Number of protein chains: 2
Amino acid sequence: MDQLFKYFALFNPLSQEAENAISRISSMITSKKNEHLQFIGHTCKTIYFIKKGVARIYYYKDGIDITESFSFENNIIARVESLFTGNPSRKAIQILEDAEIVAINAGELFKLYDTFPEIERLFRKIFESAYVETVSRIEGIQFHSAEERYKALLCDAPNLLLKVPLKYIASYLGITQVSLSRIRAQR
Amino acid sequence: MDQLFKYFALFNPLSQEAENAISRISSMITSKKNEHLQFIGHTCKTIYFIKKGVARIYYYKDGIDITESFSFENNIIARVESLFTGNPSRKAIQILEDAEIVAINAGELFKLYDTFPEIERLFRKIFESAYVETVSRIEGIQFHSAEERYKALLCDAPNLLLKVPLKYIASYLGITQVSLSRIRAQR
DNA sequence: CTGATTATTTATCTTATGTTAATGGATTTG
DNA sequence: CAAATCCATTAACATAAGATAAATAATCAG
């Protein structure tokens, strides 16, 4: 759990009691490549922290598997469109590289908000920063070609290539794997 | 201010004291078409609530005016990428239809978070829901043509057309106004 | 080791959108 | 009120990004 609390401290350091409270509603999971953490149709009731490994969120668009996002070590992953609305999610979470994960029970977490304003503040800040990232991703999608986005992605996450099949990267970029191959081929 | 507190109550109803505290750090503004609420390069220190009128956030991409978002009556507008980071914003806020606006001092508001957890919770929820909207907008941009996005936009905000010049809608959709005209022409 | 999955290559084709330019209507402003 | 500016439409043409299909090569996993 230490690793998790170090990550939290980047946003809002917690008191010992708050950390204990979070520990109590969390569990450690190990999961192997290609396994699912969450399935399509279920309502999201867990926030995951990736200690080690890689995961993605994906969904089906017209029967085609689309990767919405990747998450690496030392990051949170959650299907916010379900977590914050209570609606069932059309999305799934899948492990792409053997992973160690902390699973935080979201229902219990939200209850902790009442007794620990510092915890509410922590997650407010975490999701504010995720929100800001998402806003700037829109700009990237709308005004850059697939090639530019691919290069930007590599800058952002250079080890992505080592860990993730290209077909997932292609769908993340919004193109076919054939197109991605072509992009990679030029030089 | 009543209208604002009704809007707030949709997310998290406030106590009388909390409402008073917010009133104290807010001011009423009226602004005419084409005026600016916020300029490029300034750090965002205000959250606006639109009681009446229309506004947009825009920025320049390669010298071209791009509309990032529109906001209508009964909605919040803020440049979150600056508000949450403290960085100067590359974006501006402009009024598109004569407006009455409540301006909330963000610095003071964030201080209120310490004394009024209910206010922190309120804004947490407001921005969580904005975040969810933004996530789904990405899907719209990546997997729908400009034509589909235009139609979806009209569904979403039917009175947009009456209030906003088409050139702004075009840049919001990521296309030129010539292309938008062509899309509108077919039937 | 062998079948299954994944990646690459090539070739062809589609189509959405950009660019430029001309026009007429609307709106602002001196 | 007239001139000037801005806005939306239309047309003609260009183009380039990416889809699709099919065949091959490489890699992975049981």
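A, B, ... follow the sequence lines: proteins, then strands. Residue 1 opens every chain. The model shown is predicted, which means the values in this text are computed figures rather than measured ones. Note that these values count all heavy atoms, side chains included, but never hydrogens, waters or copies made by symmetry.
- Rounded to whole Å, the distance from CG on Asp98(A) to C1' on dC28(D) is 14 Å.
- Rounded to an integer number of Å, the gap from Leu162(B) CG to dC7(D) P is 18 Å.
- Taking atom NZ of residue Lys167(A) and atom C1' of nucleotide dA26(D), one finds them 15 Å apart after rounding to whole Å.
- Straight-line distance from the CG atom of Leu173(A) to the P atom of dA19(D): 11 Å, rounded to whole Å.
- Regarding Gln142(A), its CD atom lies at a distance of 18 Å from the P atom of dA17(D), rounded to whole Å.
- A ring pair (Phe, Tyr, Trp, His ring centres under 6.0 Å) with Phe49(A) is found for one member of Phe72(A), Tyr7(A), Phe123(A), Phe8(A) and no other, namely Tyr7(A).
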For nucleotides 9-21 of chain C, 5' to 3', base contacts (B), sugar-phosphate-only contacts (S) and non-contacts (-) with protein non-hydrogen atoms under 4.0 Å give BBB-----BBBB-
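- Between Arg121(A) and Asp114(B) a salt bridge is recorded (basic side-chain N to carboxylate O distance below 4.0 Å).
- Between Leu161(B) atom CG and dT9(D) atom C1' the separation is 15 Å, expressed in whole Å.
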N/O donor-acceptor pairs under 3.5 Å from side chains in residues 162-174 of chain A, not counting sequence neighbours:
unit_1, atom_1, unit_2, atom_2, d
Lys163(A), NZ, Glu97(A), OE1, 3.4
Ser171(A), OG, Thr67(A), N, 2.8
Ser171(A), OG, Thr67(A), OG1, 3.2
Ser171(A), OG, Tyr168(A), O, 3.2
Tyr172(A), OH, Arg137(A), NE, 3.4

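- Regarding contacts with the backbone of dC28(D), every side-chain N or O of Lys33(A) stays at 4.0 angstrom or more from both OP1 and OP2.
- Note: Leu154(B) CG to Leu161(B) CG = 5.0 Å, rounded to the nearest 0.5 Å.
- Between Arg124(A) and Glu128(A), at least one side-chain N (NZ, or NE/NH1/NH2) sits under 4.0 Å from a carboxylate O, which counts as a salt bridge.
- Once rounded to the nearest 0.5 Å, the distance linking CD of Glu81(A) with CG of Asn87(A) reads 8.5 Å.
- For the pair Tyr168(A) OH and dA7(C) C1', the interatomic distance rounds to 14 Å; values are reported in whole Å.
- One interatomic measurement links the two molecules: CG of Leu96(A) to P of dT6(C), which rounds to 11 Å at whole-angstrom precision.
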